[in-house]
Amino acid sequence: MVLGRNHLLPLIAPFLSNPIVDWIDDKFTALCVNTLKSGPIPQHVAFIMDGNRRYAKNKGLEIFKGHEAGSASLVTIIDSCFKLNISNVTIYAFSIENFNRSKSELDKLFEIL
């Protein structure tokens with residue numbers, strides 16, 4: 001049996017959620033932010049939230065888990081923008097086409113938003 005990425009995640013997840021990994025992640029984020037601060041910083045950036053459903057499907061997760069992962073990424077992005085003193089951030093998180101989704105998915109999306 002060949003183990004793919006989806007099969008290995010439960011095995012390595014306990015190692016990813018510990019204080020040492022959190023500390024390394026914080027230091028790496030600080031390094032990235034400080035590197036970006038050394039150059040010109042835009043005053044307005046925009047992000048298009050796309051691919052959460054595709055992410056969930058590729059990981060073998062329920063669709064709403066992809067939306068939750070996307071929202072967690074968005075929090076990280078907004079925090080990084082704050083640290084970079086970017087004063088205006090636009091997020092495109094929901095389009096008119098999204099209303100064609102199932103009621104349960106829409107309910108979950110609005111709950112997250």
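Worth saying up front: this structure is predicted, and the values here are computed from it rather than measured.
Using the six-membered ring where Trp is involved, Phe94 and Phe99 have ring planes that are perpendicular, over 60° apart on the 30 and 60° scheme.
Using a 4.5 Å cut-off between side-chain heavy atoms of Ile, Leu, Val, Met, Phe, Trp and Tyr, Ile20 falls into a hydrophobic cluster with Trp23, Ile24. Taking a 4.5 Å side-chain heavy-atom cut-off between Ile, Leu, Val, Met, Phe, Trp and Tyr, the cluster of Leu36 extends to Val33, Ile41, Val45, Phe47, Met49, Leu74, Ile77, Ile78, Leu84, Ile86, Val89, Ile91.
The CD atom of Gln43 sits 7.5 Å away from the CG atom of Asn88 when rounded to the nearest 0.5 Å. Atom OG of Ser73 sits about 7.5 Å away from atom CG of Asn52, to the nearest 0.5 Å.
Open room surrounds CD1 on Ile48; 12 or fewer heavy atoms of other groups in view lie less than 6.0 Å from it. More than 12 heavy atoms of other shown residues, nucleotides or ligands fall within 6.0 angstrom of atom NZ in Lys108. At most 12 heavy atoms of other shown residues, nucleotides or ligands fall within 6.0 angstrom of atom OH in Tyr92. The local environment of OH in Tyr55 is sparse, with at most 12 non-hydrogen atoms from other residues, nucleotides or ligands closer than 6.0 Å.
The two residues Ile112 and Ser71 make their nearest non-hydrogen contact at CG2-CB, 3.4 Å.
Here Arg53 pairs with Lys57, Ile63, His67, Arg101, Glu105 under the side chain to side chain contact (heavy atoms under 4.5 Å, CB included) rule; sequence neighbours left out.
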Quiz prompt | Derivation of the side-chain contact (heavy atoms from CB on, under 4.5 Å) call for Phe64 and Asp107 | solution = CA-CA 10 Å; Phe64 78 91; Asp107 289 344; over 6 Å; no
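Remark: the backbone N or O of Lys83 is paired with a side-chain donor or acceptor of Lys37 at under 3.5 angstrom.
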